[in-house]
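Because the structure is predicted, anything quoted here is derived from the model rather than measured. Residue numbers begin at 1 in each chain, while the letters A, B, ... track the order of the sequences.
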There are 2 protein chains.
Amino acid sequence: MNGEPERRTGPVPKSVLARGLRLLDAFGSGDAELTLAQLAARTGLPKPTAHRLLGELVRWGGVERTAGGYRLSMRLFVLGQRAPRPRGLREAALPYLEDLYEATHENIHLAVLDGVDTLFLEKVTGRRAMPIVSRVGGRLPAYCTATGKLFLALGPADRLRQVLAAGLAHYTPRTIVMPGLLRRELDRTLERGYALNREESEAGVSAIAAPIIDADGGVTAAISITGSSRRLDLERLAPAVRTAARALSRELAR
Amino acid sequence: MNGEPERRTGPVPKSVLARGLRLLDAFGSGDAELTLAQLAARTGLPKPTAHRLLGELVRWGGVERTAGGYRLSMRLFVLGQRAPRPRGLREAALPYLEDLYEATHENIHLAVLDGVDTLFLEKVTGRRAMPIVSRVGGRLPAYCTATGKLFLALGPADRLRQVLAAGLAHYTPRTIVMPGLLRRELDRTLERGYALNREESEAGVSAIAAPIIDADGGVTAAISITGSSRRLDLERLAPAVRTAARALSRELAR
DNA sequence: CCGCCCGTTTCGGTGAATGGAATCCCGCGC
DNA sequence: GCGCGGGATTCCATTCACCGAAACGGGCGG
C-alpha cells in the first residue's frame with residue numbers, strides 16, 4: 001500500500017532497550033524525518049510506546065523533534081565518529097585519497113565489506129567529478145562494484161557463496177548476474193590484482209579499485225576511482241590506485 | 001585515583017533506555033575500548049546491570065566485544081551518517097573544501113557551533129598539511145578558534161555571555177582569556193567579516209575562517225584554513241576562504 | 001458539520017528489569 | 001602449588017518501570 005519498505009526484522013523485542021534502538025534503526029537513509037505513526041508502523045510498536053520511547057531518545061539528544069516529526073540528530077553523528085574501527089582507517093587513508101583526487105578530480109572511495117555489501121567509509125569528490133549515488137555510510141552489493149569484487153576475489157571462498165546465495169540482481173543492463181560469469185570476472189580480478197566495474201552498478205559510471213592488505217595478507221578495505229565511462233581510461237589509472245593502496249597497506253601494517 | 005575524567009552527569013536514570021544510552025555516551029573519544037568495570041564505574045550502573053545492557057547493545061550491533069572489553073562499532077558510524085543535519089551540509093560543502101585544499105594543501109575544516117564549542121563536521125587534510133589535533137566529530141572552545149569566533153561575533157549577544165560565564169582558559173600562552181580583549185577581538189572580526197586564530201588553540205598553529213550565512217542572515221557554519229603559523233600568510237588567504245564561504249552560502253540558500 | 005487520522009495522556013495490571021550475593025576465572029605473588 | 005584480588009558472569013526473589021487499550025483533543029478535508 002505505502003511505498004515504505006518493510007523494515008521489520010522478526011518480532012517486536014520485549015526489552016525496552018532493544019525497542020528504543022529499533023526506533024533508531026527505523027530511520028532509513030532515504031527519510032529525512034518521520035512521523036510518530038510511521039515510526040510506530042515500521043517498528044511494530046504500539047503508538048503510545050513509540051511515543052514514550054521517542055520522548056526519551058529526544059531527551060538523550062540522539063533524536064530531535066521537528067515540526068511534525070522526528071529525525072536523527074547531530075549528536076548521533078558525533079557518537080558514530082567515535083567508533084574506533086572506521087576512524088583509524090579513515091584518518092590513515094585520507095591523505096592517499098586526497099592525492100588520488102588531486103591527480104584525477106574524480107570520485108575517490110574508501111570501502112570495506114559489510115555482509116554481502118560494499119560499505120563506503122569515505123568519499124572524496126568535487127565539482128569536476130561526475131555526480132554518483134554513493135554516500136559515506138551507504139552501501140552497494142559487492143558483486144557489482146569495483147571495491148566489492150576485491151573482497152570477493154581475494155577473500156575466503158565462503159564469501160562468494162553467501163553472495164550467490166543472496167542472489168544477483170540487475171542494477172544496470174551490464175550487471176553481471178550469471179554466477180559463472182561472475183566467477184570468471186573474479187578470477188581475472190585476482191590475477192590482475194585490481195578490479196573493474198564497467199557500468200555494472202550505475203549506467204554511464206565505471207570504476208577501478210585496488211585492495212588494502214593487512215599484515216596477514218587479508219583484504220581489509222579497498223580504494224577506488226569512479227567516474228564517467230566516457231571520460232575514464234581505467235587501465236591508465238591502474239598504477240595510481242595500486243600505488244596508493246600499497247602505500248596505505250604498508251602504513252597500516254606498521 | 002584513576003585518570004578517567006568524571007563523566008557522570010547527574011544521578012543514574014531509572015529508565016532502561018536512558019541507562020543503555022548512557023553506556024554509549026560513556027565511550028569518550030580518547031578510549032578505543034573499555035572494560036565492563038570501567039563502563040560500570042563511569043555510568044554509575046551496578047556491574048550486573050551494565051553487563052546485561054551491554055549484552056543487548058552488542059546483540060543490536062552498535063557495540064562490539066573485543067578480547068577483554070567493549071568498543072563502539074561501525075554500525076554506529078553508519079547510523080550517525082544518516083543524521084540529516086550534518087549530512088546535507090557536509091555534502092554541499094565538500095567540493096568547496098576540496099578546492100581550498102587543492103589551492104593551499106593545508107588543513108580545511110567545516111565547523112558548526114554546538115553549545116559553547118566549535119564542532120568539526122569535516123576535515124580535509126593531506127600529507128603536506130601540518131598535523132593538528134582536530135578531528136571530525138571533535139570540538140574546541142569557540143573563543144579560541146577561528147571558526148568559533150565567527151559564531152560569537154556574528155551570533156546573538158547571548159552566546160558570548162554563555163561563553164564568558166563558562167570561563168576562559170589558557171590553551172596556549174596566546175589564548176585570549178580577558179573578556180575585554182575577547183570582545184575587542186570579536187568586534188574586529190565582525191567588521192572584517194572573517195576571523196583569525198593566531199596560536200590561540202595550539203602552539204605554532206594559526207587559522208583563518210569565513211562564515212556560512214543562511215537566507216535569514218544567521219551564521220550556520222564556518223569554514224577555515226589551518227596550518228603552521230610560520231608557513232601561513234593568513235591575510236593572503238582571506239579572499240579564497242571568503243569566496244568559498246560566500247559561494248557555499250549562496251548554494252545552501254537556494 | 002462530521003469523520004478521519006494524527007498525536008497525546010491516562011492508569012491499573014504485570015512481567016521485565018533489578019542488583020546483592022554467590023560463583024567462576026584468570027593472573028600474580030609468595 | 002596455593003591463596004588472593006579483581007574482574008566477569010550467573011542466579012533469582014522482589015518490585016517497580018513499563019505497558020498499551022482506551023479515551024481524549026485537535027487539525028484537516030470533504
Exercise. Examine C/dG7: is either OP1 or OP2 under 4.0 Å from a nitrogen or oxygen in the side chain of A/His51? Give yes or no.
Key: no

Exercise. Please report the shortest heavy-atom distance between B/Leu72 and A/Leu79, naming the atom on each side.
Key: CD1-O, 3.9 Å

Quiz item: Are any of B/Arg65's side-chain N or O atoms less than 4.0 Å away from OP1 or OP2 of D/dA8?
Solution: no

Pairs under 3.5 angstrom only: tabulate donor-acceptor contacts from the side chains of residues 131-139 of chain A to other protein residues two or more places apart or in another chain.
| from | atom 1 | to | atom 2 | distance (Å) |
| --- | --- | --- | --- | --- |
| A/Ser134 | OG | A/His109 | NE2 | 2.6 |
| A/Ser134 | OG | A/Lys123 | NZ | 3.4 |
| A/Arg135 | NE | B/Glu91 | OE2 | 3.3 |
| A/Arg135 | NH2 | B/Glu91 | OE1 | 3.2 |
| A/Arg139 | NE | A/Asp117 | OD2 | 3.2 |
| A/Arg139 | NH2 | A/Asp114 | OD2 | 2.5 |

Quiz item: Side-chain contact, heavy-atom cut-off 4.5 Å: B/Pro211 with B/Phe151?
Solution: no

Quiz item: Any idea which heavy atoms bring A/Tyr96 and A/Ala244 closest together, and the distance?
Solution: CD2-O, 4.0 Å

Quiz item: C/dC5 P sits how many Å from A/Gln38 CD, rounded?
Solution: 15 Å

Practice problem: Please report, rounded to the nearest Å, how far the P atom of D/dA8 is from the CD atom of B/Glu33. | Solution: 11 Å

Quiz prompt | Distance in angstrom units between B/Leu23 CG and C/dT18 P, rounded | solution = 11 Å

Quiz item: Less than 4.5 Å apart, any side-chain heavy atom of B/Asp25 and any of A/Trp60?
Solution: yes

Quiz item: Once you round to the nearest 0.5 Å, how far does CZ of B/Arg85 lie from CG of B/Leu121?
Solution: 8.5 Å

Exercise. Starting from C1' on D/dG6, measure out to NZ on B/Lys47 and report it in whole angstrom.
Key: 7 Å

Exercise. Figure out the CG/C1' separation between B/Leu36 and D/dT10, and round it to whole Å.
Key: 13 Å

Self-check item: Stacked cation flag B/Arg65 on B/Tyr70, 6.0 angstrom / 45 deg
Solution: yes

Quiz item: Which atom pair, heavy atoms only, marks the closest approach of B/Leu150 to B/Val219?
Solution: O-CG2, 4.2 Å

Practice problem: Do nucleotides 17-30 of chain D as a string where each nucleotide becomes B, S or -: B if the base has a protein heavy atom under 4.0 Å, S if just the sugar-phosphate does, - if no protein is that close. | Solution: SSBBBB--------

Quiz prompt | Axis bend over the full length of the helix from C/dC1-D/dG30 to C/dC30-D/dG1, computed from five pairs that close each end, to 10 degrees | solution = 30°

